Amino acid sequence: MWALDHDKLLIMGKTKDMLSILRSTILGPFVYWKWPIEDPDKGLIWLRWANSCLAEWDITMRDDGGDELNRGKTIFLMPHFSYGDWVFSIIATDGRASFLSRVMPWLSIVGGAWHNLSTGFMWVFKRGVKRSGKEWRQWLDHKFRTSPFTDSLAIYPEGHRNRSGDPLPLKKGILYYAYTRKVPVQTVMLRGITDSVDFSDLSLQRGSVVGYRRYGVVRPEDYGDEASFIEAAEKNFIDAYDEYITQEKNF
């Protein structure tokens with residue numbers, strides 16, 4: 001009898017977690033409409049939404065120090081663990097960044113389409129669509145110029161979800177773009193996401209903590225050529241990953 005009751009409790013707990021995740025993501029699009037459409041700082045709207053998700057899930061974000069978040073137009077490089085990274089990444093970047101996303105991850109978050117339609121929160125592209133380097137850079141120029149959300153962009157430069165504890169090779173296209181357009185790049189690390197919320201099975205670890213740390217800014221004007229800048233930006237990301245994620249895993 002106890003085993004049956006225990007199983008029921010587990011099912012009830014699991015159902016509560018699933019409802020918490022679905023409720024907070026479904027309601028996400030409607031947060032936008034609670035503030036005037038002409039609100040010039042839509043980043044704060046999504047920061048409120050992300051914080052409301054964490055309150056619903058009983059998860060805490062911890063600032064583990066590091067450098068100040070760069071102000072002005074910036075490309076933020078972040079590790080990618082799960083489809084739920086966006087919630088935590090919004091807070092780690094103070095609600096100051098739009099996000100580059102493929103179509104499927106974008107649709108995987110309930111209400112994802114509404115997020116994009118209402119604020120331009122995500123810049124969505126379809127994998128497999130052939131664009132020349134020039135077309136890709138022109139598309140990014142257009143998104144930066146017309147986005148109503150913010151003047152900065154956060155990306156997951158590894159290109160895939162990665163739970164190995166070690167960084168994957170970075171995609172170089174965005175770094176080349178940063179150099180040619182003279183946009184500074186800053187690494188922002190996160191850890192503990194997959195121990196807190198798992199969007200693959202809609203499970204939560206209530207009371208858990210997700211940490212983040214910001215690292216130094218790599219500025220294109222400090223480098224004499226594209227290769228030196230890309231090498232420095234990539235090294236900054238890999239060194240930060242090793243310090244904040246890999247060493248913690250192996251501790």
Side-chain angles (χ1 to χ4, degrees), residues 39-51 61-81 85-101 119-123 136-137 139-159 167 170-193 210-245:
D39 188 333
D41 198 348
K42 295 182 177 66
L44 290 181
I45 293 174
W46 288 107
L47 189 59
R48 294 181 186 114
W49 170 71
N51 279 309
M61 288 282 286
R62 182 186 64 229
D63 183 349
D64 284 334
D67 293 81
E68 292 292 323
L69 194 72
N70 194 53
R71 298 296 164 181
K73 188 175 182 178
T74 309
I75 293 175
F76 299 108
L77 308 181
M78 311 186 77
H80 188 21
F81 306 106
D85 290 346
W86 290 307
V87 175
F88 303 94
S89 299
I90 290 170
I91 295 173
T93 55
D94 289 349
R96 289 195 48 249
S98 294
F99 287 80
L100 194 63
S101 173
T119 61
F121 169 61
M122 293 183 188
W123 301 355
W136 175 249
R137 292 188 293 274
W139 181 78
L140 287 173
D141 287 340
H142 172 74
K143 299 302 286 187
F144 269 113
R145 186 171 58 252
T146 61
S147 173
F149 184 62
T150 177
D151 62 354
S152 292
L153 175 66
I155 70 162
Y156 304 114
E158 296 168 282
L170 304 194
K171 305 294 184 182
K172 303 297 195 301
I174 195 68
L175 299 179
Y176 177 75
Y177 177 85
Y179 181 78
T180 60
R181 300 306 191 260
K182 305 306 178 190
V183 182
V185 170
Q186 183 174 24
T187 292
V188 180
M189 283 290 146
L190 294 138
R191 70 182 179 203
I193 292 177
V210 172
Y212 65 93
R213 181 178 296 166
R214 299 151 176 169
Y215 290 80
V217 179
V218 182
R219 302 182 185 278
E221 59 268 25
D222 294 337
Y223 298 87
D225 58 79
E226 167 199 323
S228 298
F229 168 75
I230 290 176
E231 181 181 1
E234 186 170 30
K235 184 177 187 303
N236 183 278
F237 182 90
I238 291 172
D239 288 351
Y241 200 110
D242 181 61
E243 176 192 76
Y244 195 63
I245 297 174

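The model shown is predicted, which means the values in this text are computed figures rather than measured ones. The chain is numbered in sequence order, starting from 1.
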field: Under-4.0 Å salt bridge between Asp141 and Lys143
entry: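 Here Asp141 does not pair with Lys143 in a salt bridge, since their nearest N and O are not under 4.0 Å apart.
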
task: Decide, yes or no, whether a salt bridge links Asp151 with Arg71 under the criterion of side-chain N to carboxylate O below 4.0 Å.
output: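 No.
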
What is the minimum heavy-atom distance between [X] and [Y], and which atoms define it?
| X | Y | value |
| --- | --- | --- |
| Glu158 | Pro167 | OE2-CA, 3.4 Å |
| Arg214 | Ile91 | NH2-O, 4.1 Å |
| Leu153 | Leu100 | CD1-N, 3.7 Å |

message: Check for me whether Arg191 meets the cation-pi criterion with Tyr212, that is, NZ or CZ under 6.0 Å from the six-membered ring centre and within 45 degrees of the ring axis.
response: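 No cation-pi geometry.
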
query: Does Lys235 count as lying over the ring of Phe237, i.e. NZ or CZ under 6.0 Å from the six-ring centre, within 45 degrees of the axis?
result: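 So Lys235 doesn't make the cation-pi contact.
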
message: For Tyr177 and Phe144, take the angle between the two ring planes, folded into 0 to 90°, and tell me which bin it lands in: parallel under 30, tilted 30 to 60, perpendicular over 60.
response: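 Rings of Tyr177 and Phe144: parallel, as their planes differ by under 30°.
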
- request: Quick one: sort the Tyr241 and Phe81 rings into parallel, tilted or perpendicular, breaks at 30° and 60°.
  value: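 Tyr241 vs Phe81 ring planes: tilted.
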
Rounded to the nearest 0.5 Å, what's the gap from [atom1] on [X] to [atom2] on [Y]? Could you check?
| X | Y | atom1 | atom2 | value |
| --- | --- | --- | --- | --- |
| Arg213 | Thr187 | CZ | OG1 | 13.0 Å |
| Arg62 | Leu190 | CZ | CG | 11.5 Å |
| Ile155 | Leu140 | CD1 | CG | 9.0 Å |

- prompt: Does CD in Glu221 sit with more than 12 non-hydrogen atoms of other residues, nucleotides or ligands closer than 6.0 Å?
  reply: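 Yes.
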
- prompt: Under 3.5 Å, is there a donor-acceptor pair between the Tyr215 and Asp239 side chains?
  reply: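 No donor-acceptor contact under 3.5 Å links the two side chains.
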
- prompt: Are side-chain N/O atoms of Asn70 and Thr74 paired as donor and acceptor at under 3.5 Å?
  reply: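 Result is yes, a qualifying pair exists.
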
query: Can you find a heavy atom in the side chain of Val217 that is under 4.5 Å from one in the side chain of Arg219?
result: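 The answer is yes; the side chains approach within 4.5 Å.
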
